[in-house]
Amino acid sequence: MPELPEVEVVRRGLERWVAGRTVAAVEVRHPRAVRRHLEGADHFTAALTGRTLTAAYRRGKYLWLPIAEADDTPAGQALVAHLGMSGQLLVEKRSQPDETHLRARFTFTDGGRELRFVDQRTFGGLAVEDADGGSIPARLAHIAIDPLDAGFDADRFSAALRRRRTEVKRALLDQTLIGGVGNIYADEALWRARLHGSRPTERLSRAQVADLLEGVRDVLTESLAQGGTSFDSLYVDVNGQSGYFSRHLAVYGQADRPCPRCGTPIVRESFMNRSSYSCPRCQPRPRARRS
DNA sequence: ACGAAACCCTGGGTGC
DNA sequence: TGCACCCAGGGTTTCG
């Protein structure tokens with residue numbers, strides 16, 4: 001599935017292959033793909049037809065492309081995209097057969113390759129949102145800056161994390177605290193910091209939070225380097241699985257395999273209706289607290 | 001106000 | 001072979 005590094009690869013592809021082009025037509029093939037556009041599919045289409053997509057930006061796992069009028073005047077809006085679990089944004093020849101799960105198609109006035117939104121499980125979606133002056137759309141403002149962004153404030157993150165009264169993995173997955181970390185990266189970062197995800201945030205030391213943040217940064221950076229290698233110039237690729245997942249994951253999906261650090265078999269635990277993976281020796285469960 | 005649970009969705013895998 | 005069931009899981013909404 002597309003994770004933050006893959007979303008960044010998609011952003012780079014959109015910046016290169018879509019930015020600066022003017023939309024000729026939009027075809028919404030599945031209503032769920034634009035469910036976040038509350039005014040409906042026809043309104044979505046009208047808001048984009050004849051407009052130019054000027055750039056491609058990302059925060060966490062969200063992408064947005066500012067919209068301009070034909071004369072390059074900013075329209076004060078942006079096309080917002082989230083890939084969800086299975087979404088892809090593909091730049092393809094018009095002759096390419098439609099994908100089974102093609103949800104939306106954008107053609108451009110230059111007659112070149114079209115942009116397609118393909119999404120098997122329809123957790124992802126597209127919308128046109130208000131975005132003044134090319135800044136982040138208002139509806140995305142609650143998403144925290146991700147740790148690879150130059151504007152990320154480590155001290156502020158540390159203080160906010162330690163103010164929380166929850167488990168550290170829940171905090172890592174909270175997009176209002178830190179953007180872009182999903183289940184896979186949370187598990188990998190916790191393993192690097194030798195912390196169990198159930199550790200209470202208020203009892204973490206500053207040094208432990210610093211280690212955790214370093215783990216997050218390292219795993220995202222290393223994954224991005226892998227995701228970048230699978231980018232094909234004719235194709236806005238979101239499939240980083242073959243490059244990254246198979247070789248660099250220490251714990252995620254590695255149940256019963258030896259911990260790369262100590263050899264102890266990795267264990268899988270149920271958490272928030274999904275899976276958590278950890279090394280029982282490197283990342284011991286916290287003792288139950290008496291209250 | 002904050003934390004946690006419910007909900008959305010479909011194809012691949014597994015067991016009977 | 002086919003059917004029922006489980007699993008993947010981010011973000012928004014709802015609940016406590």
Side-chain angles (χ1 to χ4, degrees), chain A residues 1-8 10-11 28-38 58-64 80-89 99-104 117-127 129 136-147 159-190 197-204 216 220 223 238-242 244-246 249 251-256 267-278 289 291:
Chain A
M1 73 237 37
E3 297 286 330
L4 182 145
E6 286 74 34
V7 177
E8 172 60 17
V10 170
R11 188 201 66 77
V28 175
R29 310 250 308 182
H30 194 297
R32 239 185 95 75
V34 294
R35 69 191 181 284
R36 298 253 158 72
H37 190 90
L38 301 179
R58 179 187 59 79
R59 176 171 287 191
K61 299 161 195 166
Y62 275 100
L63 295 162
W64 77 93
V80 173
H82 195 290
L83 301 177
M85 302 287 298
S86 54
Q88 296 176 300
L89 284 165
E99 289 77 7
T100 302
H101 303 294
L102 177 64
R103 307 305 190 194
F117 179 62
V118 178
D119 190 9
Q120 175 206 115
R121 288 160 66 186
T122 65
F123 271 50
L126 308 172
E129 299 280 356
I136 185 168
R139 280 183 53 139
L140 306 188
H142 67 287
I143 302 292
I145 294 174
D146 67 67
L161 183 86
R162 280 151 42 90
R163 270 199 304 272
R164 288 294 173 97
R165 294 292 180 269
T166 188
E167 299 174 0
V168 63
K169 183 166 177 179
R170 286 183 184 275
L172 277 182
L173 296 175
D174 184 340
Q175 302 298 299
T176 67
L177 259 185
I178 184 169
V181 179
N183 198 39
I184 295 170
Y185 295 112
D187 278 2
E188 293 295 309
L190 287 164
S198 296
R199 296 282 288 263
T201 48
E202 74 270 25
R203 298 181 68 184
L204 294 178
V216 171
L220 291 178
S223 175
V238 294
N239 183 5
Q241 293 195 357
S242 59
Y244 175 68
F245 285 11
S246 60
L249 295 177
V251 289
Y252 185 83
Q254 308 298 309
D256 301 327
V267 299
R268 171 184 179 275
E269 296 170 298
S270 185
F271 172 81
M272 291 171 72
N273 283 331
R274 59 202 62 173
S275 295
S276 286
Y277 298 89
S278 62
R289 271 192 305 161
S291 56

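Below, chain A is the first sequence line, B the second, and so on; all start at residue 1. The figures here come from the full heavy-atom set of this structure, side chains too, leaving out hydrogens, waters and symmetry mates.
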note: E129(A), atom CD; dG11(C), atom C1'; distance rounded to Å ~ 14 Å
### Task
Answer with base, sugar-phosphate or nothing: what part of the nucleic acid does R139(A) contact at a heavy-atom distance below 4.0 Å?
nothing
Among the nucleotides dG11(C), dG10(C), dC7(C), whichever has the atom closest to the side chain of L173(A) is dG10(C)
Handout entry: Non-hydrogen side-chain atoms of Y62(A) and V7(A) separated by less than 4.5 Å
Key = no
Overall bend of the helix from dC2(B)-dG16(C) to dC16(B)-dG2(C) (five pairs an end, 10° steps) is 50°
Q.
Do W64(A) and I136(A) make a side-chain contact, defined as non-hydrogen atoms from C-beta onward lying under 4.5 Å apart?
A. yes
Could you tell me if the side chain of L140(A) sits less than 4.5 Å from the side chain of R59(A), heavy atoms only? no
message: Measuring to OP1 and OP2 of dG10(C), would you say a side-chain N or O of R274(A) lies under 4.0 angstrom away?
response: yes
- Task: Answer yes or no: does a side-chain N or O of H82(A) lie under 4.0 Å from OP1 or OP2 of dG11(C)?
- Result: yes
Checklist entry - Side chains of H101(A) and D119(A): does their closest heavy-atom pair fall under 4.5 Å? => result no
Chi angles and distances behind the side-chain contact (heavy atoms from CB on, under 4.5 Å) call for L89(A), L63(A):
CA-CA 11 Å; L89(A) 284 165; L63(A) 295 162; 4.0 Å; yes
In whole angstroms, the gap separating P of dT12(C) from CZ of F123(A) amounts to 13 Å
L220(A) vs D146(A) side-chain heavy atoms within contact, under 4.5 Å: no
In whole angstroms, the gap separating C1' of dG11(C) from CZ of R32(A) amounts to 12 Å
Rounded to whole Å, CD of Q254(A) lies from P of dA8(C) at a distance of 14 Å
Ignoring hydrogens and geometry, is there a side-chain-to-backbone donor-acceptor pair from R268(A) to A255(A) under 3.5 Å?
no
Its contact letters, B for base, S for sugar-phosphate only and - for none at protein heavy atoms under 4.0 Å, make nucleotides 10-15 of chain B read BS----
Taken to the nearest whole Å, CD/Q175(A) to C1'/dT13(C) is 16 Å
note: E167(A), atom CD; dA4(B), atom C1'; distance rounded to Å ~ 10 Å
Quiz prompt | pair I178(A)-P147(A): side-chain heavy atoms closer than 4.5 Å | solution = yes
- Message: Can you see if the side chain of Y185(A) gets near the phosphate of dG10(C) - specifically, an N or O under 4.0 Å from OP1 or OP2?
- Response: no
Which atoms of nucleotides 1-3 of chain B (N or O only) lie under 3.5 Å from a protein N or O atom, and what are those distances?
unit_1 : atom_1 : unit_2  : atom_2 : d
dG3(B) : OP1    : R165(A) : N      : 3.2

Please determine whether side-chain contact (heavy atoms from CB on, under 4.5 Å) holds for the pair L249(A) and E188(A), giving the CA-CA distance in whole Å, both sets of side-chain angles, and the decisive distance to 0.1 Å.
CA-CA 7 Å; L249(A) 295 177; E188(A) 293 295 309; 3.8 Å; yes
Item to check | Under 3.5 Å: donor-acceptor pair, side chain of Q175(A), backbone of G180(A) | outcome: yes
Separation of dT13(C) atom P from L38(A) atom CG, nearest Å, is 9 Å
To the nearest angstrom, the CG-P distance between L63(A) and dG10(C) comes to 16 Å
Checklist entry - Any side-chain heavy atom of Q88(A) within less than 4.5 Å of one from E99(A)? => result no
Q | Heavy-atom side-chain contact between N183(A) and K169(A) under 4.5 Å | A | yes
